[in-house]
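Hydrogens, waters and symmetry mates play no part in the numbers below; they use all other heavy atoms, side chains included. Protein chains get the first letters and strands the later ones, always in sequence-line order, with residue 1 at the start of each.
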Protein chains: 2
Amino acid sequence: MEKLNNIHPGEVLKAEFLDPMGLTAYKLAKAIFIPQNRLSEIIHGKRSISVDTALRFSKFFGTSPKFWLGLQMDYDLEEKKPEISAEIQEIKAFQE
Amino acid sequence: MEKLNNIHPGEVLKAEFLDPMGLTAYKLAKAIFIPQNRLSEIIHGKRSISVDTALRFSKFFGTSPKFWLGLQMDYDLEEKKPEISAEIQEIKAFQE
DNA sequence: AAGTTTACTTACGTCAAACATAAGTAATTG
DNA sequence: CAATTACTTATGTTTGACGTAAGTAAACTT
């Protein structure tokens, strides 16, 4: 199930980092020592930002790793919410 | 590789929520419609807080889902950092 | 013009981990 | 003493992140 208007981290990577910086996925892959397909799949939303990837982006771009994992978290939450909303609604909040 | 002094989210769940609230893992599992072993394994640090689990905790405890996923993120980062620190150090920050 | 490097994508097999089911034990409650 | 509560561990399935590799094409080098 693909939620509309939910930007995945790969879009941010491409639009906010690679393109403005004049960088290719090929160059980035070499620079952070990962295979090219990892980046290709991230950019096309087929793979998530893992802790490993976040740490590498972090060092290269000078961002925090949580920035990248936060983007992923936001995306995953938005994707998952509608899938399980029916069951979530059945959950009663704890009464202290 | 198990980093010392890194608290996993299961510890927080037990020490900061279940115990103070007089709740058992059994009751929580029933309340949020998940199998008991899922909670048992989380509490013992053998399983991570997934998006699904975070959304359920969120509704039941009245916290944000990001609170739980944030704990997991912090834990995962601390665990992973030492594993790949050598390779990360070889990454050169991008020069604009 | 031929060859090397850059650039990207897709196919494929592996492995780790999140999942549910189920079974087992023990303590508590009716 | 039977049912429920409570917890743990074993087992099998599926998903997804991983690397390797191969394919195509464009842009440089020589």
A.B. asks: Give a yes/no on whether any side-chain N or O of Y26(B) is located under 4.0 angstrom from OP1 or OP2 of dC7(D).
C.D. replies: no
A.B. asks: What's the verdict on side chain to side chain contact (heavy atoms under 4.5 Å, CB included) for K66(B) and D74(A), showing C-alpha distance, side-chain angles and the deciding distance?
C.D. replies: CA-CA 8 Å; K66(B) 287 190 197 181; D74(A) 292 342; 2.8 Å; yes
A.B. asks: For D76(B) and dA16(C), what is the distance between atoms CG and C1' respectively, to the nearest whole Å?
C.D. replies: 13 Å
A.B. asks: How close or far is atom C1' of dA20(C) from atom NZ of K30(B), stated in whole angstroms?
C.D. replies: 13 Å
A.B. asks: Starting at atom NE2 of H44(B), determine the distance to atom P of dA18(C), rounded to an integer number of angstrom.
C.D. replies: 16 Å
A.B. asks: Do you know which two heavy atoms are closest between S58(A) and P65(A), and how far apart they sit?
C.D. replies: OG-CD, 3.2 Å
A.B. asks: For a 4.5 angstrom cut-off between non-hydrogen side-chain atoms, does R38(B) reach R56(B)?
C.D. replies: yes
A.B. asks: When every nucleotide of nucleotides 16-21 of chain D is labelled 5' to 3' by its protein contacts under 4.0 Å (heavy atoms), B for base, S for sugar-phosphate only, - for none, what sequence of letters results?
C.D. replies: -SBBB-
A.B. asks: Starting from P on dA17(C), measure out to CD1 on I49(B) and report it in whole angstrom.
C.D. replies: 15 Å
A.B. asks: F57(A) and F33(A): same hydrophobic cluster, using ILVMFWY side-chain contacts below 4.5 Å?
C.D. replies: yes
A.B. asks: Side-chain donor-acceptor pair under 3.5 Å between W68(A) and T53(A), yes or no?
C.D. replies: no
A.B. asks: Touch check for T24(A), heavy atoms < 4.0 angstrom, all strands: base, sugar-phosphate only, or nothing?
C.D. replies: sugar-phosphate
A.B. asks: Looking at residues 57-73 of chain A, who's got a heavy atom less than 4.0 Å off DNA chain D?
C.D. replies: none
A.B. asks: Salt-bridge test for E11(A) and K14(A): reply yes if a basic N is under 4.0 Å from a carboxylate O, no otherwise.
C.D. replies: no
A.B. asks: Please state how far atom CG in L39(B) lies from atom P in dC7(D), giving the value in whole angstrom units.
C.D. replies: 9 Å
A.B. asks: Using whole Å, report how far CG of L23(A) lies from P of dC8(C).
C.D. replies: 10 Å
A.B. asks: What's the closest nucleotide to the side chain of K27(A) if the choices are dT9(D), dT5(D), dA7(C)?
C.D. replies: dA7(C)
A.B. asks: Between C1' on dA17(C) and NZ on K80(B), what's the gap in Å once rounded to a whole number?
C.D. replies: 12 Å
A.B. asks: Is the backbone of V51(A) close enough, under 3.5 Å, to the side chain of K80(B) for a donor and an acceptor to pair up by distance?
C.D. replies: no
A.B. asks: OP1, OP2 of dT9(C) versus side-chain N and O of S40(A): anything below 4.0 Å?
C.D. replies: yes
A.B. asks: Measuring only between side-chain heavy atoms, which start at C-beta, is E78(A) closer than 4.5 Å to N5(A)?
C.D. replies: no
A.B. asks: Quick check: closest heavy atoms across I43(A) and H8(A), and the distance to 0.1 Å?
C.D. replies: O-CE1, 3.4 Å
